[in-house]
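Protein chains get the first letters and strands the later ones, always in sequence-line order, with residue 1 at the start of each.
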Protein chains: 2
Amino acid sequence: MNYSRQRELILETLKENVVHPTAEYLYEKVREKDKNISLATLYRNLNKLAQMKLIRKIDGLENSAHFDHNTHEHYHFICDKCGKVFDVDCNIAPETFKQIQDTTGCLITGHDITFHGLCSECKGENQ
Amino acid sequence: MNYSRQRELILETLKENVVHPTAEYLYEKVREKDKNISLATLYRNLNKLAQMKLIRKIDGLENSAHFDHNTHEHYHFICDKCGKVFDVDCNIAPETFKQIQDTTGCLITGHDITFHGLCSECKGENQ
DNA sequence: AAATAAAATGATAATTGTTATCAATTAAGA
DNA sequence: TCTTAATTGATAACAATTATCATTTTATTT
């Protein structure tokens, strides 16, 4: 993988955003810094960075993917009402993986957990 | 929700498929039984059935959603090489949910776990 | 420093999966 | 049977993402 200024800018911009932005949102932010960056370049680099495990791609949300610069092992909660995504820390017993591998013969190299429900704000509201 | 012959046919066809078909695959199968069923009807019903928790929608895969008639609590393994999806049974300690809810104030109503890696067949192959 | 090959880019067309629209049909209750 | 709401089929529209391709940039070799 060669160096590219655009990729560096994209990664840097993703790190500045605490939230888990979509490509669309990130595109706006990146364009504020470099008006010439192409949408294709953004997608190409997000995919490449995710592939190299430098960032994470979160899908399973409404329509579009979200991206996360936090590469520590952690999970996500998605509010079914407002769509907010936040990080969740919890532990999965290591035996779980071993047991699955032993019974199925597969090799587990990664896993994602997505919790759904209502965030603290939406929980309070009626309707 | 009113009765519809098409919906019954779609659900029945999904149950016949042990795998976790995409809408596209299911469309083929359904059309083998009724040549007049529309793609829109298929999508409409898959979404409605998922919403009523009569089936499950699995996203977070390549591009398209997969559907699962197994509504028991279970998880999925996806082979990163051949794309196969299979069911995984394992237990998440109930305290986990409580702990997340207590620390974040959210209400968890559901969760999905997706394991990634290589299935037993692909694991053996070189390259 | 010049030459070269591989990688990356910007612009945009194309694709893919899915949803919206709308007139016609069907289901269910009064 | 009448009425209303739900559902359908056909197809247009849409939104997110990817492919194409000529040009530019990066890294390597001479």
Short N/O separations, protein against nucleotides 28-30 of chain D, under 3.5 angstrom:
none

Write out a two-atom table: protein N or O, nucleotide N or O from nucleotides 18-26 of chain D, distance below 3.5 Å.
residue	atom	partner	partner atom	Å
dT18(D)	OP2	Asn47(A)	ND2	2.9

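Under the salt bridge (Lys or Arg N to Asp or Glu O under 4.0 Å) criterion, Arg44(A) pairs with no residue, sequence neighbours left out. Qualifying salt bridge (Lys or Arg N to Asp or Glu O under 4.0 Å) partners for Lys33(B), counting only residues two or more places apart in sequence or in other chains: Glu12(B), Glu16(B).
For the pair Asn36(B) CG and dT7(D) C1', the interatomic distance rounds to 15 Å; values are reported in whole Å. Separating the CG atom of Leu11(B) from the C1' atom of dT7(D) is a distance of 16 Å, rounded to the nearest angstrom. The interatomic distance linking Leu26(A) (CG) with dA16(D) (P) rounds to 14 Å, in whole Å. When rounded to the nearest whole Å, the span between CD1 of Ile58(A) and C1' of dT17(D) equals 18 Å. Straight-line distance from the CZ atom of Arg31(B) to the C1' atom of dA10(D): 11 Å, rounded to whole Å. Regarding Leu46(B), its CG atom lies at a distance of 15 Å from the C1' atom of dT8(D), rounded to whole Å. dA15(D) atom P lies 18 Å from atom CG of Leu42(A), rounded to whole Å.
Nucleotides of DNA chain C lying under 4.0 Å from heavy atoms of chain A occupy a range whose first and last members, 5' to 3', are dA7(C) to dT12(C).
Contact between Ile100(A) and Val88(B) at its shortest, heavy atoms only, is CD1-CG1, 3.5 Å. Nearest heavy atoms, Thr22(A) versus His66(A): CG2-NE2, 3.5 Å. In terms of heavy-atom proximity, Met1(A) sits nearest to Arg7(A) at CG-NH2, 3.1 Å.
Residues His20(A) and Tyr25(A) have side chains that never bring a donor and an acceptor to within less than 3.5 angstrom of each other. Judged purely by distance below 3.5 Å, without hydrogens or angles, the side chains of Asp112(B) and His76(B) never pair a donor atom with an acceptor atom.
Sorted by first and then second residue, the salt bridge (charged side-chain N to carboxylate O under 4.0 Å, His left out) pairs involving residues 94-107 of chain B (not counting sequence neighbours) are Lys98(B)-Asp102(B).
Residues His111(B) and Phe97(B) bring their aromatic ring centres within 6.0 Å.
His74(B) is listed as a side-chain neighbour of Asp68(B), based on a closest heavy-atom distance under 4.5 Å.
Remark: Lys48(B) is in phosphate contact with dT7(D), judged by side-chain N or O atoms under 4.0 Å from OP1 or OP2.
Under the side chain to side chain contact (heavy atoms under 4.5 Å, CB included) rule, Thr13(B) has a single partner from Ile37(B), Leu42(B), Val30(B), which is Val30(B).
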